[in-house]
Peer 1: 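Could you have a look at this structure, given as structure tokens, before my questions?
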There are 2 protein chains.
Amino acid sequence: MREFLRTKGYKMTPQREMIFRAFFELGEHVTVEELYEKVRKIDPSVGHSTVWRNLKLICEVGLAEEVKMGDGVTRYDRVTRQPHGHFFCTECKSVVEFNVEPIVDIMTTEAAGRNFAPEHFKVEVHGVCAECREKVGRQTARGTSPGIEDDDHATVEERGNTSR
Amino acid sequence: MREFLRTKGYKMTPQREMIFRAFFELGEHVTVEELYEKVRKIDPSVGHSTVWRNLKLICEVGLAEEVKMGDGVTRYDRVTRQPHGHFFCTECKSVVEFNVEPIVDIMTTEAAGRNFAPEHFKVEVHGVCAECREKVGRQTARGTSPGIEDDDHATVEERGNTSR
DNA sequence: ATTGCAATTGAAAATCGTTTTCAATTGTCG
DNA sequence: CGACAATTGAAAACGATTTTCAATTGCAAT
């Protein structure tokens, strides 16, 4: 690893090693917060920005990539695995993966037709997972337009707004 | 429209009407900034937060939805149109759409198998568009051997480059 | 019309995730 | 060993978005 980084013009430091290791020990879809937590359990002196910078670095050297599910939190995914899509549960925030090979094929063809050079594919399905469907009894399944009943995303600890 | 909103418990106001109208006059992938600009050309007294709030409202009543392309800027898309994917050029920030029906079919099947209730699909291809490839001569493509097919309707929308 | 009240507004301040600044420290290479 | 660029930590800066708050304004019931 030290070598790998050196060839790219980066130095190895204790903090960096710790952060890299922690990142790869955490599973998939790691958030900075999670990584930060894990790292400072080992060494509380490691700074906020150092974790950030190194997470970025991991991406820069091609070992991970950002995954944003429009909820404001960026997650980071190792790139070692096959390309994959994500099921995002809007209720419990869980993330499940699925195979996207056939989809990537389609997109590749589509891109070629436009002389567009694809570098990265992103395929997401937002909805409600099996467990949450049971709990909440929500039924927005079919291809119908989502019910726009006001006051959704309940049960989740959102901002405690009650004013107005 | 006034009626439509009233039934949902919202009032119509001059600002609101102006903002709604402006939003629908602007094309696709509208940013708050663009909308704000357009609105305050008509009435400079309209506040920042009012535009924001109403854009959110447009989404809430189901007339538009957020489209985040991982570059920090949220765009808003009318929901009247067919579901579509986005080609996102990392160089010039242009956005081009493509049909995703076959892809949605696959995702729907995939979701059904997991008893996942899909509400929204997001399909993106990030890469370099035809024009930028010529300019920069970049070739970072993967699996794509870009046969120079007919480049048809490429509705390329230039975007002001916002640094970050 | 007049009234009551919740919805709405504008301005400013507050959040939140992320990035940058800066001085001090530490790898790496000659 | 030194020099020097890369790295670090803390704090401040940032940009997008949200909230606060007092003042205003639709709208429904009088």
Side-chain angles (χ1 to χ4, degrees), chain A residues 1-20 30-37 39-40 42-61 66-76 93 150-151 153 157-164, chain B residues 1-20 30-37 39-40 42-61 66-76 159-164:
Chain A
M1 184 85 266
R2 197 179 206 88
E3 263 315 304
F4 173 74
L5 282 178
R6 189 183 308 159
T7 63
K8 301 220 172 202
Y10 300 106
K11 297 174 181 174
M12 181 49 87
T13 69
Q15 298 92 326
R16 178 159 292 170
E17 180 156 21
M18 185 183 308
I19 292 169
F20 272 54
V30 179
T31 65
V32 192
E33 202 49 31
E34 291 167 350
L35 183 56
Y36 188 42
E37 284 306 311
V39 168
R40 69 167 20 213
I42 306 171
D43 182 349
S45 75
V46 176
H48 175 60
S49 34
T50 300
V51 175
W52 264 103
R53 276 185 289 233
N54 279 295
L55 197 36
K56 284 290 182 189
L57 180 64
I58 293 176
C59 292
E60 219 160 288
V61 298
E66 299 189 344
V67 183
K68 304 196 186 192
M69 50 180 274
D71 71 334
V73 194
T74 303
R75 287 142 200 284
Y76 295 80
K93 311 297 182 194
D150 44 353
D151 173 48
H153 41 109
E157 30 70 61
E158 292 291 327
R159 45 215 126 219
N161 186 342
T162 327
S163 60
R164 270 242 148 139
Chain B
M1 184 85 267
R2 198 177 205 90
E3 263 316 303
F4 173 73
L5 284 178
R6 189 182 307 160
T7 63
K8 302 222 172 203
Y10 300 107
K11 297 173 180 174
M12 181 49 87
T13 70
Q15 298 93 327
R16 178 159 292 169
E17 180 156 20
M18 187 183 307
I19 292 169
F20 271 55
V30 178
T31 65
V32 191
E33 202 49 33
E34 291 167 351
L35 182 56
Y36 187 42
E37 284 305 312
V39 167
R40 68 167 19 214
I42 306 171
D43 182 348
S45 74
V46 176
H48 176 61
S49 35
T50 300
V51 175
W52 264 104
R53 276 187 287 235
N54 279 294
L55 197 36
K56 283 291 182 189
L57 180 63
I58 293 176
C59 291
E60 222 159 286
V61 298
E66 299 190 344
V67 183
K68 303 199 184 189
M69 326 207 135
D71 69 335
V73 195
T74 303
R75 288 142 201 281
Y76 295 79
R159 286 287 168 195
N161 187 340
T162 314
S163 57
R164 189 148 238 261

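So that the names make sense, note that chain A is the first sequence line, chain B the second, and so on, each numbered from 1.
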Peer 1: Does anything in residues 47-57 of chain A come within less than 4.0 Å of DNA chain D? Heavy atoms only, and list the residues if so.
Peer 2: A/G47, A/S49, A/T50, A/R53, A/N54
Peer 1: Identify, with sequence neighbours excluded, every residue that meets side chain to side chain donor-acceptor pair (under 3.5 Å) alongside B/E37.
Peer 2: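 For B/E37, no residue satisfies side chain to side chain donor-acceptor pair (under 3.5 Å) once neighbours in sequence are set aside.
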Peer 1: Under 4.0 Å between a side-chain N/O of A/T74 and OP1 or OP2 of C/dG17, yes or no?
Peer 2: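 No, A/T74 has no side-chain N/O under 4.0 Å of OP1/OP2 on C/dG17.
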Peer 1: Please report the distance, rounded to the nearest Å, between CG in B/L35 and P in D/dT17.
Peer 2: 12 Å
Peer 1: Apply side chain to side chain contact (heavy atoms under 4.5 Å, CB included) to residues A/K68 and A/T74 and explain how you reach the verdict.
Peer 2: CA-CA 5 Å; A/K68 304 196 186 192; A/T74 303; 3.8 Å; yes
Peer 1: Report the C-alpha separation of B/D43 and B/V39 in whole Å, then their side-chain angles, then the decisive distance to 0.1 Å, and conclude whether the side chain to side chain contact (heavy atoms under 4.5 Å, CB included) test is met.
Peer 2: CA-CA 6 Å; B/D43 182 348; B/V39 167; 5.6 Å; no
Peer 1: Considering only nitrogen or oxygen atoms on both sides, find all protein atoms under 3.5 Å from nucleotides 28-30 of chain C and state each distance.
Peer 2:
from: C/dT28; atom 1: OP2; to: A/R2; atom 2: NH2; distance (Å): 3.3

Peer 1: For the helix from C/dA1-D/dT30 to C/dG30-D/dC1, how many degrees between its two end axes (five pairs per end), to the nearest 10°?
Peer 2: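 Rounded value for the end-axis angle: 30°.
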Peer 1: Check whether any side-chain nitrogen or oxygen of B/R16 sits under 4.0 Å from OP1 or OP2 of C/dT9, and answer yes or no.
Peer 2: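 It does, given that an N or O in the side chain of B/R16 lies less than 4.0 Å from OP1 or OP2 of C/dT9.
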Peer 1: Evaluate B/M1 against B/M12 for side chain to side chain contact (heavy atoms under 4.5 Å, CB included), listing each step before the verdict.
Peer 2: CA-CA 8 Å; B/M1 184 85 267; B/M12 181 49 87; 3.7 Å; yes
Peer 1: How long is the straight-line distance from OG1 of B/T13 back to CG of B/L5, given to the nearest 0.5 Å?
Peer 2: 9.5 Å
Peer 1: Between A/K56 and A/E66 (salt bridge meaning N to carboxylate O under 4.0 Å), is one present in this structure?
Peer 2: yes
Peer 1: Taking OH from B/Y36 and P from D/dG15, how many angstroms apart are they, rounded to a whole number?
Peer 2: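 So the two atoms are 16 Å apart, to the nearest Å.
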Peer 1: Measuring from atom CG of A/L55 to atom CD1 of A/I19, what distance do you get when rounded to the nearest 0.5 angstrom?
Peer 2: 8.5 Å
Peer 1: Restricting to side chain to side chain contact (heavy atoms under 4.5 Å, CB included), what partner residues turn up for A/S49, sequence neighbours left out?
Peer 2: A/R53
Peer 1: What residues form a ring-ring contact (aromatic ring centres under 6.0 Å, His included) with A/F20, not counting sequence neighbours?
Peer 2: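 By the ring-ring contact (aromatic ring centres under 6.0 Å, His included) rule, A/F20 matches no residue at all.
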Peer 1: Rounded to the Å, how far apart are B/E60 CD and C/dA7 P?
Peer 2: 13 Å
Peer 1: Can you tell me how far C1' of C/dC16 sits from NZ of A/K68, to the nearest Å?
Peer 2: 13 Å
Peer 1: Have a look at A/P14 and say if it touches a base, only the backbone sugar-phosphate, or nothing, with a 4.0 Å heavy-atom cut-off.
Peer 2: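 Sugar-phosphate only.
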Peer 1: Applying the side-chain hydrogen bond (donor to acceptor under 3.5 Å, both in side chains) criterion to B/Y10, which one of B/R16, B/E60, B/R2 satisfies it?
Peer 2: B/E60
Peer 1: Can you tell me the distance, in whole Å, between the CD atom of A/Q15 and the P atom of D/dA6?
Peer 2: 17 Å
Peer 1: Between A/Y76 and A/C59, which heavy-atom pair has the shortest distance, and what is it?
Peer 2: CD2-SG, 3.4 Å
Peer 1: Can you check the B/I19 CD1 to C/dA7 P distance for me, whole Å?
Peer 2: 18 Å
